[in-house]
Each structure stands twice: as structure tokens, then as C-alpha cells.
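After the C-alpha cells below, expect a handful of questions from me.
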Amino acid sequence: EPEVTQTPSHQVTQMGQEVILRCVPISNHLYFYWYRQILGQKVEFLVSFYNNEISEKSEIFDDQFSVERPDGSNFTLKIRSTKLEDSAMYFCASSAWRGGAEVADTQYFGPGTRLTVL
Amino acid sequence: GEDVEQSLFLSVREGDSSVINCTYTDSSSTYLYWYKQEPGAGLQLLTYIFSNMDMKQDQRLTVLLNKKDKHLSLRIADTQTGDSAIYFCAERLGGYQKVTFGTGTKLQVIP
């Protein structure tokens with residue numbers, strides 16, 4: 001069964017450093033997403049991406065965050081200057097073409113990257 | 001804005017049924033989901049229901065939706081120790097891509 005993969009599984013960085021989290025969405029999916037889960041808190045939506053541009057973003061997704069699809073398979077989240085409060089589990093998700101079939105709108109999640117900012 | 005609430009903890013004996021409850025606030029919800037998260041793992045989609053449905057059954061899982069009360073439940077029949085995990089209720093509003101998650105219910109299955 002196809003699945004979303006994420007690398008690395010755990011990233012440790014110093015405050016102020018840039019990090020790039022990587023994801024490989026399911027191959028025929030066209031919508032891509034990032035969510036985060038701070039320890040003990042809810043899973044929160046960050047951003048959605050379609051056709052090489054951001055289609056929706058939350059108030060959390062400020063100027064220090066950016067997303068990119070650098071090639072036909074990868075989807076990345078960059079945090080320019082990490083803060084202590086960016087420590088969280090970051091989940092990538094993808095969904096198929098939203099053409100009306102209910103299953104196509106369902107988001108499938110990767111295993112997550114645990115980001116620790118020291 | 002949308003908000004999804006769940007009880008934090010549920011403990012059941014192996015072989016019994018588990019019922020995990022969820023309430024949501026936005027009546028525009030189009031899709032409602034149940035995700036499972038095992039320790040150290042990601043979010044596994046279990047099942048989903050359209051807001052125009054009342055019930056959906058999938059093997060041991062039964063989802064009940066009460067739109068009037070904005071209440072969603074997940075029933076797991078014949079609960080097994082492998083069902084021990086955190087279960088997240090989630091909603092997505094029509095026309096939006098953002099999925100809003102509940103706090104998660106930790107299910108403990110006692111052998």
C-alpha cells in the first residue's frame with residue numbers, strides 16, 4: 001500500500017539554525033500538507049500546497065516557514081531561524097485530486113519528524 | 001472557529017467494546033475522520049464519514065454521527081490489546097483543506 005514517507009525521523013538543531021524537513025507524498029497525490037504537534041498538544045494545521053503554490057495556511061505559518069516541491073517527488077518544509085518553541089513533531093500529509101470522490105479528499109499522513117531545538 | 005473535543009482517556013477490557021466520543025462545533029463540517037496514533041508512530045487513517053451520513057461500518061469499527069448534537073463516536077467491537085493507542089477525531093469544513101484535530105483519546109486495553 002502506498003504511503004507518505006518523511007526524513008529524518010528525528011532532527012536536533014541549535015536555536016537560530018535553519019532546518020529542512022523532507023517528505024515524499026503518495027505518488028499520484030496532488031495536494032500536500034504540513035501539520036505539527038507540540039508535545040502534549042493538538043495536531044495543528046500549518047499549510048497546504050497545490051500546483052506549486054500555497055493554497056491555504058494557518059496563522060502559525062509565518063515568514064520563518066516556507067514550503068517547496070523541488071522536484072517531482074519531494075515536498076519540503078523549511079524553518080529559517082528555529083526557535084525553542086518550534087520543537088514539535090512535524091507531519092507531512094497528501095491527498096489525491098479533489099474531483100468529487102470522497103476518498104480523494106482524505107489526507108494520508110507520514111510517520112512524522114521529531115524536531116528538537118536546543 | 002472550529003473546535004473538536006474528546007475525553008482524554010478510556011480503559012476497557014480485552015474483548016469488550018470501546019466507544020470513543022467526540023464533539024465538534026462547526027455545522028459546516030463536510031468530512032469527519034478518525035485517526036489512530038500508536039506510540040512513536042504517525043497518524044493512521046481509520047475511517048471517515050460524510051456529514052450527510054448517520055452511520056458507517058467497517059469491519060470492527062462503527063462510526064455514528066449525530067449532526068443535531070454535533071456528536072461523533074467510534075465504536076470498536078471486540079477490542080484487542082493491539083487497539084491500544086491514541087484516537088483522534090478530526091473534521092474538515094466544506095471548501096477548506098485544513099483538518100482540525102481533537103485532543104485525542106488514549107485507549108488502554110486491559111488483557
Side-chain angles (χ1 to χ4, degrees), chain A residues 1-7 9-10 23 25-26 29-51 53-61 67 89-98 100-114, chain B residues 1-9 22-26 28-56 58 61 63 65 72 85-106:
Chain A
E1 187 177 316
E3 56 183 23
V4 177
T5 59
Q6 292 185 243
T7 54
S9 56
H10 191 190
C23 167
I26 293 172
H29 284 185
L30 297 175
Y31 284 80
F32 315 114
Y33 313 85
W34 285 100
Y35 290 76
R36 77 172 185 192
Q37 184 182 28
I38 295 171
L39 189 64
Q41 297 187 23
K42 291 185 179 185
V43 176
E44 302 171 291
F45 171 80
L46 293 177
V47 66
S48 62
F49 189 85
Y50 168 71
N51 199 26
E53 58 184 33
I54 291 172
S55 48
E56 201 173 314
K57 63 179 182 177
S58 71
E59 61 276 8
I60 302 168
F61 193 87
V67 288
M89 181 74 91
Y90 287 81
F91 293 106
C92 174
S94 68
S95 65
W97 173 245
R98 298 175 74 230
E102 64 176 58
V103 68
D105 293 327
T106 299
Q107 295 175 23
Y108 294 86
F109 285 76
T113 293
R114 180 166 296 287
Chain B
E2 56 277 7
D3 193 20
V4 181
E5 296 295 335
Q6 303 174 238
S7 53
L8 292 180
F9 191 74
C22 168
T23 56
Y24 60 96
T25 54
D26 203 308
S28 310
S29 295
T30 301
Y31 299 95
L32 294 142
Y33 306 91
W34 284 102
Y35 285 87
K36 176 183 180 184
Q37 186 181 38
E38 295 183 66
L43 298 164
Q44 175 196 353
L45 176 69
L46 285 179
T47 187
Y48 56 89
I49 189 168
F50 258 144
S51 56
N52 62 359
M53 298 166 66
D54 297 323
M55 187 184 91
K56 182 177 180 182
D58 185 0
L61 305 179
V63 178
L65 176 60
L72 183 74
I86 299 175
Y87 290 80
F88 290 94
C89 168
E91 65 170 353
R92 187 168 70 77
L93 305 186
Y96 293 90
Q97 290 151 15
K98 176 176 94 166
V99 173
T100 299
F101 286 82
T103 47
T105 299
K106 185 171 184 178

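Numbered from 1 within each chain, the chains take letters A, B, ... in sequence-line order. Not measured: the values here are computed from a predicted model.
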TODO: Write down the atom of Phe45(A), the atom of Val99(B), and the distance for their closest heavy-atom approach.
DONE: CB-O, 4.2 Å
TODO: For the residue pair Tyr31(B) and Thr106(A), establish whether any side-chain heavy-atom pair is separated by less than 4.5 Å.
DONE: no
- [ ] Output all residues satisfying salt bridge (Lys or Arg N to Asp or Glu O under 4.0 Å) with Lys42(A), sequence neighbours left out; order by chain, then residue number.
- [x] Asp3(B), Glu5(B)
Task: Residue among Gly104(B), Ala90(B), Gly102(B) with most heavy-atom pairs under 4.5 Å to chain A - done: Gly102(B)
- [ ] Measure across Gln97(B) and Tyr33(A) and return the closest heavy-atom pair with its distance rounded to 0.1 Å.
- [x] CB-CE2, 3.8 Å
TODO: May I ask you to check whether Phe109(A) and Phe101(B) place their ring centres under 6.0 Å from each other?
DONE: yes
TODO: Name the region of Gln37(A), side chain, backbone, both or neither, that has any atom closer than 4.5 Å to a heavy atom of chain B.
DONE: side chain
TODO: Might you point out which heavy atoms bring Gln107(A) and Tyr35(B) nearest each other, and give the distance in Å?
DONE: O-OH, 2.6 Å
Open item on the list: Whether the side chain of Glu56(A) engages the backbone of Tyr96(B) through a donor-acceptor N/O pair (distance < 3.5 Å, no angle test) should be reported.
Closed with: no
TODO: Name the region of Leu43(B), side chain, backbone, both or neither, that has any atom closer than 4.5 Å to a heavy atom of chain A.
DONE: both
Open item on the list: Rounded to the nearest 0.5 Å, what separates atom OG1 in Thr100(B) from atom CD in Glu44(A)?
Closed with: 10.5 Å
- [ ] Answer with side chain, backbone, both or neither: which region of Gln44(B) has an atom nearer than 4.5 Å to a non-hydrogen atom of chain A?
- [x] neither
TODO: Identify, with sequence neighbours excluded, every residue that meets side-chain hydrogen bond (donor to acceptor under 3.5 Å, both in side chains) alongside Thr23(B).
DONE: none
